[in-house]
Amino acid sequence: MQSLFADLLDRLQEPRRPDRGVRTDDSILLIYPPERELDFREQFVESFLPHLRAAGIPFTHLDLTGFLFQDLDPGEVEQLQEDEFDDYGWMRQGLSQRVEAALVRRFEALTSAAPGATLVVSATVALHPLVRYGEVLRGLRGLKGRIALAFPGEERGGKLHFMNQPDGGNYLAVKLFWR
């Protein structure tokens, strides 16, 4: 785990290069085994983030633990509850789209509020199985900021799996792996 955080620290110390020829989403995926979620989160929040502060690296931390209750409109949730009786699959798809859109809006707002700071996102598992982070990051390629996203999963056959489930695709992010 320490090597993952050391690699992330190295990346965050490098200046962003928004003028590159190939446009990426300028994000970093921290890929680690799903069964190590609690260990990762503890090390990340209790050791790594204070280390970033001490090093003077600007960042904003977003913990997604309560995201569903903070960022979704209660009227939308009520409508989705009514839809559940008609068609559960449709309701889940609608909730997924709303959560992904709310997440994009939150990422945009946080990066706009702290220009030049990296947005570090933890507790991403709190939105499983609703969010496909590949789709969220795809919508943020034009963002003028860097995102470091906790990703409990693995790469299999060139495709990423979040919590052992296929997760969108088309990742143009830097991938840092647990070793």
Does a side-chain heavy-atom distance below 4.5 Å link [X] with [Y]?
| X | Y | value |
| --- | --- | --- |
| Leu119 | Arg146 | no |
| Val136 | Leu149 | no |
| Gln165 | His128 | yes |
| Thr118 | Ile147 | no |
| Leu29 | Tyr133 | no |
| Asn164 | Arg156 | yes |

Kindly list each side-chain donor-acceptor pair under 3.5 angstrom involving residues 31-39, sequence neighbours excluded, with atom names and distances?
{"from": "Tyr32", "atom 1": "OH", "to": "Glu37", "atom 2": "OE1", "distance (Å)": "2.5"}
{"from": "Arg36", "atom 1": "NE", "to": "Asp39", "atom 2": "OD2", "distance (Å)": "2.8"}
{"from": "Arg36", "atom 1": "NH2", "to": "Asp39", "atom 2": "OD2", "distance (Å)": "3.0"}
{"from": "Glu37", "atom 1": "OE2", "to": "Arg41", "atom 2": "NE", "distance (Å)": "3.1"}
{"from": "Glu37", "atom 1": "OE2", "to": "Arg41", "atom 2": "NH2", "distance (Å)": "2.8"}

Measure the [atom1]-[atom2] distance between [X] and [Y] for me, rounded to the nearest 0.5 Å.
| X | Y | atom1 | atom2 | answer |
| --- | --- | --- | --- | --- |
| Trp178 | Ser3 | CH2 | OG | 9.0 Å |
| Phe177 | Glu154 | CZ | CD | 10.0 Å |
| Ser27 | Leu137 | OG | CG | 4.5 Å |

_Contacts of Lys159 that satisfy salt bridge (charged side-chain N to carboxylate O under 4.0 Å, His left out) - sequence neighbours left out_ =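 Here no residue qualifies.
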_Keeping Asp167 on the side-chain end and Leu160 on the backbone end, is there a donor-acceptor pair under 3.5 Å?_
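Absent.
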*Partners passing side chain to side chain donor-acceptor pair (under 3.5 Å) against Gln2 (at least two apart in sequence or in another chain)*: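 Per chain and number, Gln2 pairs via side chain to side chain donor-acceptor pair (under 3.5 Å) with Gln43.
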*Using the ring-ring contact (aromatic ring centres under 6.0 Å, His included) rule, collect all pairs that involve residues 138-159, keeping only residues at least two apart or in two chains.*
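Output for this query lists Phe151-Phe162, Phe151-Tyr171.
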*Any ring-ring contact (aromatic ring centres under 6.0 Å, His included) involving residues 93-115? Give me the pairs, sequence neighbours left out, ordered by first then second residue.*
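Listed once each, the pairs would be none.
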*Which residues share a ring pair (Phe, Tyr, Trp, His ring centres under 6.0 Å) with Phe48, sequence neighbours left out*: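 Phe48 satisfies ring pair (Phe, Tyr, Trp, His ring centres under 6.0 Å) with Phe5, Phe44 once adjacent residues are dropped.
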_Pair listing, salt bridge (Lys or Arg N to Asp or Glu O under 4.0 Å) test, anchored in residues 100-121, at least two apart_ =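 Listed once each, the pairs are Asp71-Arg106, Glu100-Arg132.
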Please report, to 0.1 Å, the donor-acceptor pairs under 3.5 Å made by any side chain of residues 53-65, with sequence neighbours excluded.
{"from": "His61", "atom 1": "NE2", "to": "Ser122", "atom 2": "OG", "distance (Å)": "2.7"}
{"from": "Asp63", "atom 1": "OD1", "to": "Thr65", "atom 2": "N", "distance (Å)": "2.8"}
{"from": "Asp63", "atom 1": "OD1", "to": "Thr65", "atom 2": "OG1", "distance (Å)": "2.4"}

*What residues form a side-chain contact (heavy atoms from CB on, under 4.5 Å) with Glu42, not counting sequence neighbours?*
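Once residues adjacent in sequence are excluded, the partners of Glu42 under the side-chain contact (heavy atoms from CB on, under 4.5 Å) criterion are Glu46.
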*Apply side-chain contact (heavy atoms from CB on, under 4.5 Å) to Leu176 and list each qualifying residue two or more places apart in sequence or on a separate chain.*
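For Leu176 the side-chain contact (heavy atoms from CB on, under 4.5 Å) partners, ignoring immediate neighbours, are Leu4, Asp7, Leu8, Arg11, Ile28, Leu30, Val174.
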